[in-house]
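The structure appears below as structure tokens.
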Amino acid sequence: MAGSAVAASSMRPRRRQMGVPPWMAEPGRAIERWLEAERDQLITWLPVGLGGGIALWFVLPDPVAWGTAILLLAAGGLAGLAVGRGGRAARMLAIGAIAAALGIGLIWVRSDRVAAPVLAGPTFVQLSARVETIEPLVARRLVRLTVRPVGPGQDADGAPVALPGRVRINLAEADAPAALAIGATIKLRARLMPPPLPAVPGAYDFARVAWFGAIGATGRGFSPSL
């Protein structure tokens, strides 16, 4: 007796097809067809949304603007999710807006977490500090140190000077002690100033870099000793 074999149904989950809403105009239908074809790649746009939010945080001027941007992006994203039924375009834009709002929030939190005191103005001090990093600048014949002051500094009159928790100091290569090493405590005089702002719009912003590195002052050191 001959038997007939029936192929077992596939256990592989079927892809969800959202289709193109019939009421949509032709340009929108074309966009929806493209998004449908690229549905497996859409997740890769999430980092773009996050990065866009981070970039927007750097452009906007203050916390009021950051908070307003988060609220507007989140509201727009939720509205897009509410009305974007039956298609991908509105949902993709909505999720992108929410990702951008999240990016602003993440960099804002990061900025607050690394916030550290910044020197108020230029000053000349005597200080002791523990060496954190040593960076030779051979072309400029300098040694760049990142140090953590130990206690307050002293001005020319011996009065105490409050110092930031981390300072970057350049020493002349010839002045650097031979036994200088990470973890050593060094004593020196230094002319310190707040991290400089960009010289012109769009130039390198060391003040921003210093903020995220918790560096509150920078300057030149003299007469170092261990």
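As the structure is a prediction and not an experimental result, all values here were calculated from the model.
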Calculate, to the nearest 0.5 Å, the distance between atoms [atom1] and [atom2] belonging to [X] and [Y] respectively.
{"X": "L171", "Y": "L137", "atom1": "CG", "atom2": "CG", "answer": "10.5 Å"}
{"X": "R140", "Y": "E173", "atom1": "CZ", "atom2": "CD", "answer": "12.0 Å"}
{"X": "D62", "Y": "T68", "atom1": "CG", "atom2": "OG1", "answer": "8.5 Å"}
{"X": "M193", "Y": "T218", "atom1": "CE", "atom2": "OG1", "answer": "8.0 Å"}
{"X": "L142", "Y": "D175", "atom1": "CG", "atom2": "CG", "answer": "10.0 Å"}
{"X": "I70", "Y": "I98", "atom1": "CD1", "atom2": "CD1", "answer": "13.0 Å"}

Taking the side chain as C-beta and beyond, is there a heavy-atom pair between [X] and [Y] under 4.5 Å?
{"X": "L145", "Y": "T133", "answer": "no"}
{"X": "R130", "Y": "V147", "answer": "no"}
{"X": "L119", "Y": "T123", "answer": "yes"}
{"X": "I104", "Y": "L73", "answer": "yes"}
{"X": "P194", "Y": "V118", "answer": "yes"}
{"X": "W66", "Y": "L56", "answer": "no"}
{"X": "N170", "Y": "V143", "answer": "no"}
{"X": "P122", "Y": "R191", "answer": "yes"}

Checklist entry - Who passes side-chain contact (heavy atoms from CB on, under 4.5 Å) against D157, sequence neighbours left out? => result D155
Checklist entry - With sequence neighbours left out, what residues match L127 under side-chain contact (heavy atoms from CB on, under 4.5 Å)? => result V125, A129, P149, L163, L188, A190
For [X] versus [Y], what's the shortest heavy-atom pair and its separation?
{"X": "L192", "Y": "A217", "answer": "CB-CB, 4.4 Å"}
{"X": "A94", "Y": "G77", "answer": "CB-O, 3.0 Å"}
{"X": "Q154", "Y": "V161", "answer": "C-CG2, 4.1 Å"}
{"X": "W108", "Y": "G67", "answer": "CZ3-N, 3.7 Å"}
{"X": "G103", "Y": "I54", "answer": "O-CG1, 3.6 Å"}

Item to check | Pair V209-Y204, side-chain contact (heavy atoms from CB on, under 4.5 Å): steps then yes or no | outcome: CA-CA 9 Å; V209 176; Y204 177 70; 3.6 Å; yes
Checklist entry - Do the side chains of W211 and L60 join up, straight or via other hydrophobic residues, at under 4.5 Å, putting them in one cluster? => result yes
Checklist entry - Can you check side-chain contact (heavy atoms from CB on, under 4.5 Å) on I215 and V167, steps first, answer last? => result CA-CA 5 Å; I215 296 173; V167 178; 5.9 Å; no
Which pairs of donor and acceptor atoms, one on a side chain in residues 219-226, lie under 3.5 Å apart (sequence neighbours left out)?
unit_1, atom_1, unit_2, atom_2, d
S223, OG, R189, NH2, 3.4

Has the side chain of [X] got a donor or acceptor atom that lies under 3.5 Å from a matching backbone atom of [Y]?
{"X": "R166", "Y": "G213", "result": "yes"}
{"X": "R148", "Y": "G165", "result": "yes"}
{"X": "W57", "Y": "I107", "result": "no"}

